[in-house]
Structures are given as structure tokens and as C-alpha cells.
2 protein chains.
Amino acid sequence: MAVSAVPDTAAGEVTDYEMVRDTRRVLAMLSRKWSVEVLYLLANGTRRYSAVLYEVGEISKKSLTRTLRALERDGLVARRVYPEVPTRVEYSLTPLGWSLTGPLVALYEWSAEHAQAAAEPQRPRLAIVPEP
Amino acid sequence: MAVSAVPDTAAGEVTDYEMVRDTRRVLAMLSRKWSVEVLYLLANGTRRYSAVLYEVGEISKKSLTRTLRALERDGLVARRVYPEVPTRVEYSLTPLGWSLTGPLVALYEWSAEHAQAAAEPQRPRLAIVPEP
DNA sequence: CGGCATCCCCTGGGATACTG
DNA sequence: CAGTATCCCAGGGGATGCCG
């Protein structure tokens, strides 16, 4: 695999298959519609369910619950239930969740840097003949 | 925004909204089922359509075409058509595509490092009472 | 308060067949 | 060879309503 600084299969013992598999595993954690927003929100501190619901804005309760459950299953978010009269539930980032903000911010920075490049319209889809 | 090394809105002028927006923009480019695999494949060198189809393996032609078109629209992949008898089409990474392999590999490395942490079963979903 | 349950829609992906 | 066209299915997301 010729990708940047990653060692090849010969010496470093990293196969393309593993790279694809692992990369997709992370992406699967993040590609849900509201995952990033919730993650960034909790990075600002612990929140109650209703607080997250309010701060995210347009999300439905069902989607929020699904998102939080998924993040919890992936070990990125911790859920704590306080058995009080009206139930209180608090969500926060786990250490694992925190460790993921690094790569996540790297993605953001890439997008910010290459914003116009990525936004500029591609050349029309015509047959492009190579120079003779 | 308290996320790692990113400056706050006050001084650095980076809003949560922009971070969420830009991060999701990149994720949208990558979250398609076969995007990563195709990207890694083309990182190994230019490929013809049929070569990609064969090397990826289980992908359908329809999905591959859609994936390539999407990657092309996002400016990550270049498409070159040779007007020959049986049509020949070659796909390769653009400089923008190459620049994305960095953050992408960062994701892979995170996944590789935290593989068991992410894989270990979460504690059963019971009410967890905070220490008194 | 913090969810499930239900219903409905829309998109992405697979399989197959056809074409310039 | 490099796609389209067509049909189908599964799952994610929104809206609403009910509940301990």
C-alpha cells in the first residue's frame, strides 16, 4: 500500500484489507447524520438528554436516542442514569470519545483548508483526450 | 468550542456550526460504502474502470459508477476517457484526493490503536447510580 | 423527563439485462 | 469496455403519540 507514511505489507505487515476495514469502522461510527454534532457538543461538557435535544435543534427525539445509543455502543459516549423523581440522564464523552476528537478535528481542518477547491465546480463531463 | 487545539469563537473565530458543517462535509465524501476502498486502491496508482471493478471484488457496476462519479464531483478522483475502439477510461487520484489520504490514514491509525477498546462489549444497560 | 412504538418516505446498494 | 436501465430490498431519518 502506497498510502503516505504507512508501511507496506512486506515489512510493516499492514494489509490493504485491514486499512479499509479499520478506516470504514471509524467512519461508520461518525457517518450517522447527527454523530459529529453530538460529539462536538459533549466535548463542551456533560449534557442532559433534553439539553442535547434543545442545543442540537432540529433533531427528533427518536434520532437523538438512536444516535446516543450508537455512540454509547461504540464506547465514545457514557450514559449515566440518576434514579430520581423525573428521570435524569446525563451524557458525556468517554476517554475513547475524547481521543477521537483529534482525528475528527483533522478532518475539519482538511475541509477548511480545501474548502474552495472542494466546492469549485468540476469541469463538465466531456471526453478528455490525452495530449498526442 | 473546547475541542482539542482548535481556537474558541472569541479569538480564533471558529464557530461550532462551521466545525460541524465542514467535518460533516468531509465525512459525506467518505461515508459511501465503497469510497475508502476505491480511494486506497487509486492511491496505489491509476486504474481502468474494469480493473477497479475486479480489484474491489464484490461491488456491482452500478455502485462503482456511482462511487466514482461522487468522488469525481468532490474533486478527489480524476476521470480520463480515451476515445478508442473499445472505450478506455482511467481513474486516478487528484492532488486534492492525495491530500485527503493524510486525515484518512489518521482515522485508520486511531481505529487500529483503539481496536480492542472499541470492540469490547459495553457494560450492560442498567441504571448507574453516582457515588454518594 | 426520557424515552419507545408506529407509520411513512427516501436513499443507497445489489442483481440482472441491455447498449454505444 | 464502460457504462445505463430497471426492479427490488433494507435501513436511516422525520413526525406523532403514548408511557413509567
Side-chain angles (χ1 to χ4, degrees), chain A residues 20 24 27-39 41-42 46-74 77-92 124-130, chain B residues 20 24-25 27-39 41-42 46-74 77-92 122 124-130:
Chain A
V20 171
R24 285 220 297 214
L27 285 172
M29 297 179 179
L30 301 173
S31 56
R32 205 178 273 262
K33 186 172 183 181
W34 300 104
S35 297
V36 174
E37 186 141 6
V38 169
L39 245 27
L41 191 61
L42 294 183
T46 300
R47 293 279 191 288
R48 300 185 55 165
Y49 178 86
S50 52
V52 178
L53 189 65
Y54 174 75
E55 293 189 64
V56 170
E58 332 135 87
I59 194 175
S60 66
K61 288 200 285 183
K62 172 186 160 188
S63 295
L64 177 56
T65 302
R66 282 173 108 65
T67 302
L68 287 167
R69 290 284 185 277
L71 292 174
E72 194 194 359
R73 269 201 320 277
D74 292 335
V77 161
R79 178 177 185 268
R80 183 163 244 183
V81 181
Y82 297 81
E84 296 172 358
V85 204
T87 327
R88 181 160 61 104
V89 180
E90 286 186 350
Y91 292 92
S92 57
R125 26 191 37 271
L126 298 172
I128 295 162
V129 186
Chain B
V20 171
R24 285 219 297 213
R25 195 200 303 286
L27 286 172
M29 297 178 179
L30 302 172
S31 55
R32 210 178 269 265
K33 184 172 183 181
W34 301 103
S35 296
V36 174
E37 186 140 7
V38 170
L39 245 26
L41 192 62
L42 294 184
T46 299
R47 294 279 192 287
R48 302 185 54 165
Y49 179 87
S50 53
V52 178
L53 190 65
Y54 174 75
E55 292 188 64
V56 169
E58 334 134 88
I59 194 174
S60 67
K61 287 201 281 184
K62 171 186 161 189
S63 295
L64 177 58
T65 301
R66 284 173 108 64
T67 303
L68 288 168
R69 291 282 186 276
L71 291 174
E72 193 193 1
R73 269 200 321 275
D74 293 335
V77 161
R79 178 177 185 268
R80 183 162 243 183
V81 181
Y82 298 81
E84 297 172 359
V85 204
T87 327
R88 180 162 60 106
V89 180
E90 286 184 349
Y91 293 92
S92 58
Q122 288 309 107
R125 25 192 38 269
L126 297 173
I128 295 161
V129 186

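Per chain, numbering begins at 1; letters A, B, ... match sequence-line order.
Note: R66(A) CZ to S60(A) OG = 9.5 Å, rounded to the nearest 0.5 Å. Rounding to the nearest 0.5 Å gives a distance of 4.5 Å between OG1 of T67(B) and CD1 of I59(B). In this structure, the separation between CG on L27(B) and CE on M29(A) is 13.0 Å, given to the nearest 0.5 Å. Within the model, atoms CZ of R48(A) and OG1 of T46(A) stand 12.0 Å from one another, a figure rounded to the nearest 0.5 Å. Atoms OH and CG, from Y49(A) and L64(A) in turn, are 4.5 Å apart once rounded to the nearest 0.5 Å.
When rounded to the nearest whole Å, the span between CZ of R24(B) and P of dG13(D) equals 10 Å. Spacing between atom NZ of K62(B) and atom C1' of dA17(C) amounts to 14 Å, rounded to whole angstrom units. A straight line from CD of E55(A) to P of dG2(C) spans 13 Å, rounded to a whole angstrom. Taking atom CG of L64(B) as the reference point, atom C1' of dG3(D) lies 10 Å away to the nearest angstrom. Rounded to whole Å, atom P of dG12(C) lies 19 Å from atom CD of E37(B). At whole-Å resolution of the value, CD in E72(A) and C1' in dG2(C) are 14 Å apart. Taking atom CZ of R80(A) as the reference point, atom C1' of dC1(C) lies 19 Å away to the nearest angstrom. The distance from atom CG of L53(B) to atom P of dA2(D) is 9 Å, rounded to the nearest whole Å.
Contact annotation: R66(B) side-chain N/O to dG13(C) OP1/OP2 distance is not under 4.0 Å. Using a 4.0 Å cut-off, some side-chain N or O of R69(B) falls inside it from OP1 or OP2 of dT4(D). Of the side-chain N and O atoms in R32(A), none sit less than 4.0 angstrom from OP1 or OP2 of dG11(D). R47(A) has no side-chain polar atom (N or O) that falls below the 4.0 Å cut-off from OP1 or OP2 of dG2(C). Contact between the side-chain N/O atoms of S63(A) and the OP1/OP2 oxygens of dG13(D) is not found at any separation under 4.0 Å. Of the side-chain N and O atoms in Y91(A), one or more sit less than 4.0 angstrom from OP1 or OP2 of dG3(C). For R88(A) and dG3(C), the shortest distance from a side-chain N or O to OP1 or OP2 is not below 4.0 Å. Side-chain N/O atoms of R48(B) include none lying less than 4.0 angstrom from OP1 or OP2 on dC1(D). Remark: S50(B) is in phosphate contact with dA2(D), judged by side-chain N or O atoms under 4.0 Å from OP1 or OP2.
Comparing atom distances between the S60(A) side chain and each of dA2(D), dG14(D), dG3(C) picks out dG14(D) as nearest.
The residue among P86(B) and W34(A) whose nearest nucleotide of DNA chain D lies closer to the 5′ end is P86(B). Toward the 5' end of DNA chain C, the nearer of the two residues V89(A) and I59(B), judged by each one's closest nucleotide, is V89(A).
Within 4.0 Å of T87(B), counting heavy atoms only, lies at least one base atom of the nucleic acid. Base engagement by K61(A) is indicated by at least one non-hydrogen atom pair under 4.0 Å involving a base atom.
A donor-acceptor pair under 3.5 Å is absent between the side-chain atoms of R79(B) and the main chain of V89(B), judged by distance alone.
Counting distance only, with no hydrogens placed and no angle test, the side-chain atoms of K33(B) and the base atoms of dG12(C) include no donor-acceptor pair under 3.5 Å.
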